[in-house]
Undergrad: 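Sending over a structure as structure tokens; questions will come in a sec.
Here is the naming used below: chain letters follow the sequence lines, and residue numbers restart at 1 for every chain.
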Amino acid sequence: MKTFLKSHLEKALSSAGLSYSAEDLYFEIPKNQDHGDLSTNVAFTLAKRQKANPQAVARQILEHLQLPETLVGKPEIAGPGFINFKFKPAWYLTGVSDLLKQGQTYGRHETGRGKRVMVEFVSANPTGPLTIGHGRQAVLGDTIANLMEWLGYEVVREYYFNNAGRQMRVLGDSVRLRYLEELGDSNPFPEDYYQGEYIRDIARDLIREHGASLKTLDDVTLFKDKAESVIFEDIKNSCRRLGIHHDVYYNENSLYENGHVDGALALLREKGVIYDKDGAVWFKTTDFGNEQDKVLVKSTGEPTYRLPDIAYHIQKFKRGFDQVVDIFGSDHIATYPDVLLALKILGYDPEMITVLIHQFVTVTQAGEIVKMSTRKANFITLDWLTDEAGADVVRFFFLMRSMGAHLNFDLDLAKKETDENPVFYLQYAHARIASIIRKAEDAGELTWTAETSLAPLGNPDELDLMRLLLQFPETVYLTATHYEPHRLIVYLNELAAQFHKFYHSNYVIGVGKDLGNARLALCAATKTVLKNGFDILGITAPERM
RNA sequence: GCUCUCGUAGCUCAGCUGGAUAGAGCGCUUGCCUCCGGAGCAAGAGGCCACAGGUUCGAAUCCUGUCGAGAGUACCA
């Protein structure tokens, strides 16, 4: 709808002899419907540049603007120089017919066709169950991946993990100590070890499988491996319950085995941004405006997380991705600038990497803030939340706020308010439409197809509903390109509200065949858009509730 | 100390390259079920958009400063 007007406007501008650039042509949907369906402030932008009166410029534009009268009404100049466009019903009718023809592909785009994008998310090391914080990231990542698919990209969902290093040794030893404890040997359990009950569960598993035969084993490898496989399975299951899967689990260790870590260091060294001091290897980030140089390899010979991260991202591009999306919690906010800097030095375009930082979930219970820490075991697991609220509610809840905002999760409210959760409002609209369609078709009176004549539609409720339906493709596009899933929820909410409003004063059944069929088709169109939106969000579209 | 994110209704939050009268949900008040699903609809109360300056035709939105919240600031990840 915008591109249509845009091309006409461009013609008008050039025939009026006004110079413009593509960015000048911007349309917005006015908040106030008296201002039409679309509005442009192009007269302001051009007037500013030429130091002219915006209203005069607007008049000049309109003199040269020719639009098909069957689709668009006469544009009007309003206020200090806005140009407002109002569409005629015919525009909506053809739009909704198209919608019905496209069905479940309505809202998809081609902009990413032939391009590959990787979305990396969760990437929690297998040291414990996923928490609510991980849950937010998991749902965000999966939904952003869905959105990229709707833009036409080929998407790979990736999980990066590390099963080596100190953390994992501590994990293994934690299991070992619990194992001994369960067998009656009490040992002091260090405070910085993993305190969670799940460690004890794993230890009991080992007793079931091996009895006391591991008692004299000092090497933690077996304990570590067992913990890793049990926990990883648990993590995957937590994701699965929310409809989330990963295509690739990328092991940090493979970067060492294939020489990519050393390779990355060597490349940086060639660029002269590396030096040795105090037995460690340093990255000269101060040359690029940083306060401090960063260590890439410790004096122990062990690399810090930065170096494998750099190597990993080099591999992402070598593996042929055109675009990379990384999703981190705000606790990783300091780590990515060094990685991006290194990639830039090595000649990669940092624009190809989109780093999305989401704020943490703060959990309150009985007015108290619950602190989350995997190690302290004072955390709330994602599984628990899924048990309590259900997958749809969990997904929706994590998506409904912008990721830059802290998400306040009131547990008491989440538990007792499930009936009034906004997700039900949307799903109810879908179920209600399904019910109407069933009833109308069962009565044998009404039918609809993509060819059904929508001409009888035209009252304000119907036009408002159609207007919103036709905004869906653009909403998907904006939601995806801004990586802001909550925008789609805001839109779907508006759509559901408009449908309920339409429903209350416009009968489908019992109003005659022509109008009935047309309204039935409008219901079907609404159902399609809701369903397509739910698919992107990953929530179910119930036929009955 | 420094960096990043944030501050909008009683609460939780939207507000699209800066646009016209600042919105939604929950909670509160009041109406609406002989009729397609009342998990709904309609109406109402509720605001110095943290504060102070600046930029311009125009600021919740951009810039500077102050205050307040969160995260980061390791030879931990």
Undergrad: By the 4.0 Å heavy-atom rule, please label A:Ala280 as base, sugar-phosphate, or nothing.
TA: base

Undergrad: Heavy atoms only, 4.0 Å cut-off, all strands: where does A:His500 land among base, sugar-phosphate and nothing?
TA: sugar-phosphate

Undergrad: Has the side chain of A:Asn41 got a donor or acceptor atom sitting under 3.5 Å from an opposite partner on the base of B:A20?
TA: no

Undergrad: Of the options B:A39, B:C41, B:C36, whose atoms approach the side-chain atoms of A:Tyr428 most closely?
TA: B:A39

Undergrad: I'd like to know if A:Tyr507 reaches the base of B:C35 with its side chain, counting only an N/O donor and acceptor under 3.5 Å.
TA: yes

Undergrad: In this structure, how many angstroms lie between the C1' atom of B:G38 and the CE atom of A:Met545, rounded?
TA: 14 Å

Undergrad: Would you mind reading off the distance between A:Glu28 atom CD and B:G58 atom C1', rounded to a whole angstrom?
TA: 13 Å

Undergrad: Calculate the interatomic distance between A:His406 atom NE2 and B:G68 atom P; express it in whole Å.
TA: 17 Å

Undergrad: Would B:C16 be called syn or anti here, given the cut-off of 90° from 0?
TA: anti

Undergrad: Judged by each residue's nearest nucleotide on RNA chain B, which is more toward the 5′ side, A:Pro80 or A:Glu302?
TA: A:Pro80

Undergrad: Nearest-Å distance, OH (A:Tyr275) to P (B:C75)?
TA: 11 Å

Undergrad: Which of the following nucleotides, B:C36, B:A20, B:A14, is nearest to the side chain of A:Arg401?
TA: B:A14

Undergrad: Under 4.0 Å, heavy atoms only, any strand: does A:Asn84 hit a base, just the sugar-phosphate, or nothing?
TA: base

Undergrad: Donor-acceptor pair under 3.5 Å: do we get one between A:Asn32's side chain and the base of B:U21?
TA: yes

Undergrad: Judged by each residue's nearest nucleotide on RNA chain B, which is more toward the 5′ side, A:Gln292 or A:Thr335?
TA: A:Gln292

Undergrad: Base, sugar-phosphate, or nothing: which does A:Asp278 touch, judged by heavy atoms less than 4.0 Å apart?
TA: base

Undergrad: A:Tyr425 has an atom OH; how far is it from atom P of B:G37, in whole Å?
TA: 17 Å

Undergrad: May I ask you to decide if the ring planes of A:His246 and A:Tyr159 are parallel, tilted or perpendicular, using 30° and 60° as cut-offs?
TA: perpendicular

Undergrad: Taking OP1 and OP2 of B:G40, is either one under 4.0 Å from a side-chain nitrogen or oxygen of A:Lys501?
TA: no

Undergrad: Quiz question: going by heavy-atom distance under 3.5 Å, is there a donor-acceptor pair between the base of B:C75 and the side chain of A:Ser299?
TA: yes

Undergrad: Touch check for A:Val490, heavy atoms < 4.0 angstrom, all strands: base, sugar-phosphate only, or nothing?
TA: sugar-phosphate

Undergrad: Could you state the NE2-P distance from A:His134 to B:A77, rounded to the nearest angstrom?
TA: 16 Å

Undergrad: Among B:G37, B:C75, B:A39, which nucleotide has an atom closest to any side-chain atom of A:Ile436?
TA: B:G37

Undergrad: Between B:G15 and A:His486, is there an OP1 or OP2 to side-chain N/O distance shorter than 4.0 Å?
TA: yes

Undergrad: P atom, B:G44 versus B:A22: distance in rounded Å?
TA: 15 Å

Undergrad: Just to confirm, is there a sub-4.0 Å distance from OP1 or OP2 of B:A71 to any side-chain nitrogen or oxygen of A:Ser330?
TA: no

Undergrad: Kindly indicate whether a cation-pi arrangement holds for A:Arg467 with A:Phe87, taking the cut-offs as under 6.0 Å to the six-membered ring centre and within 45° of the axis.
TA: no

Undergrad: Rounding to the closest angstrom, what is the interatomic distance between B:G65 and B:U5 at atom P?
TA: 14 Å

Undergrad: Does the B:A14 base have a donor-acceptor partner in the side chain of A:Ser402 within less than 3.5 Å?
TA: no

Undergrad: Find the distance between CD (A:Glu228) and CD1 (A:Ile235) and round it off to the nearest 0.5 Å.
TA: 9.5 Å

Undergrad: Nearest whole angstrom, please: distance from the P of B:G15 to the CD of A:Glu484.
TA: 7 Å

Undergrad: Given B:A77, is OP1 or OP2 found less than 4.0 Å from the side-chain N or O atoms of A:Tyr160?
TA: no

Undergrad: NA contact type, A:Ala431, heavy-atom cut-off 4.0 Å: base, sugar-phosphate, or nothing?
TA: base

Undergrad: I'd like to know whether CD of A:Gln315 has more than 12 heavy-atom contacts from other residues, nucleotides or ligands below 6.0 angstrom.
TA: yes

Undergrad: Name the pairing partner of B:A52, where a pair is Watson-Crick or G-U wobble with both distances under 3.5 Å, or state none.
TA: B:U64

Undergrad: For A:Arg432 and A:His500, which I'm curious about, is there any donor-acceptor pair between the side chains at under 3.5 Å?
TA: yes

Undergrad: With a 4.5 Å limit on heavy-atom distance, are the side chains of A:Gln471 and A:Ile29 in contact?
TA: yes

Undergrad: Would you indicate what A:Asn506 reaches in the nucleic acid, counting non-hydrogen atoms under 4.0 angstrom: base, sugar-phosphate, or nothing?
TA: base

Undergrad: Does a nitrogen or oxygen in the side chain of A:Lys298 sit under 4.0 Å from OP1 or OP2 of B:C76?
TA: yes

Undergrad: Please give, in whole Å, the distance from B:G72 P to A:Tyr305 OH?
TA: 12 Å

